[in-house]
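What follows is a single structure, written as structure tokens, with notes after it.
One-based numbering, in listed order, for ligands and for the atoms of each.
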Amino acid sequence: MKIAIIGCAGRMGRTLVQEVHAHKETKLMAGVEQQGSVYMGKDIGILAGIGELGIAVTDDTEAAIKGSDAIIDFTQPDVTMRCAELAVTRGTAHVIGTTGLSEEQMQQLRTFAKKIPIVYAPNMSIGVNVLLSLVEKLAAALDDTYDIEIVEMHHRNKVDAPSGTALALGNVAAAGRKVKLEKVVRRTRDGYTGIRPPGEIGFATLRGGDVVGEHTVIFAGNGERIELTHKAASRVIFARGALRAALWTKGRKPGFYTMQDVLEI
Ligand code: NAD
């Protein structure tokens with residue numbers, strides 16, 4: 001399977017280059033970076049620390065998409081939307097790890113997914129996707145005398161908050177309670193907040209150092225508390241999940257898929 005990496009010089013991009021190159025069923029075709037990047041023309045293998053691959057970083061997204069069966073894209077929302085539009089014109093599958101997309105952008109992606117397979121997951125790790133199912137089940141089993149709080153910590157360079165994974169955990173918790181997250185969400189607290197309303201789903205965001213990603217979902221009841229925690233020790237878990245998703249799109253009908261579909265959870 002021919003694969004191009006969008007954002008190949010980024011933290012995730014470099015890890016993806018390593019993983020796609022190492023996999024025997026995939027062939028790395030191109031690595032795309034933004035126009036004017038200091039990495040333009042550099043070898044993507046050297047950037048990824050695995051030696052020369054003979055593939056230079058390009059800004060020609062269209063050519064990269066045209067020459068590939070699937071693109072893997074961990075960039076930023078505007079870039080992802082443009083890639084999806086181009087992927088539709090070429091019939092190329094699109095695996096999206098980018099977080100911070102707006103509701104409107106998500107809707108647009110669902111429209112694009114009528115033409116191509118799109119796998120979107122704010123967290124591609126197997127552990128987090130199993131956690132998502134567990135959280136939904138727990139939220140369904142416990143009533144709203146158990147307050148749900150979601151705490152996340154990421155490295156200092158992360159630009160969106162709460163993390164896409166934290167929001168995904170909030171969404172499944174809300175789904176377990178048969179409510180919409182938008183109706184019960186409390187993304188931040190500051191100053192005189194008043195008491196906590198029942199049913200609220202709260203978020204707390206920590207940023208610092210080089211933390212790859214940590215999420216804890218707390219169900220705080222009277223006299224007891226359940227906490228489910230996932231800690232990512234390396235970006236490799238996301239890259240492997242994305243690669244698995246890309247392979248899974250082979251021969252797949254157009255549609256908007258998640259890692260739950262890929263992993264058949
Ligand atoms: P990063 O900033 O290190 O990498 C992003 C890369 O995209 C940069 O190299 C940047 O130059 C490049 N880019 C920007 N504009 C571009 C364009 N027009 N064309 C091609 N490349 C372009 O960030 P990161 O830590 O690698 O994270 C990237 C995204 O992936 C973020 O949204 C992050 O939250 C998300 N992420 C998702 C998962 C997951 O499992 N879904 C895991 C980790 C990170």
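- In this structure, ligand 1 sits under 4.0 Å from heavy atoms belonging to Ile6, Gly7, Ala9, Gly10, Arg11, Met12, Val32, Glu33, Gln34, Phe74, Thr75, Gln76, Val79, Gly97, Thr98, Thr99, Ala121, Pro122, Asn123, Met124, Lys158, Phe238.
- There is no path of hydrophobic side-chain contacts, each under 4.5 Å, that joins Phe256 to Leu263.
- In summary, the side chains of Gln260 and Asn129 do present a donor paired with an acceptor at a separation below 3.5 Å, with no hydrogens or angles considered.
- When side chains are defined from C-beta on, Arg244 counts as touching Val262, because their heavy atoms get closer than 4.5 Å.
- Within 6.0 Å of atom CZ in Arg82, 12 or fewer heavy atoms from other residues, nucleotides or ligands are found, so the atom counts as exposed in its surroundings.
- Between the side chains of Glu152 and His154, at least one donor N or O sits under 3.5 Å from an acceptor N or O.
- Without hydrogens or angle criteria, Arg252 side chain to Trp248 main chain gives a donor-acceptor distance under 3.5 Å.
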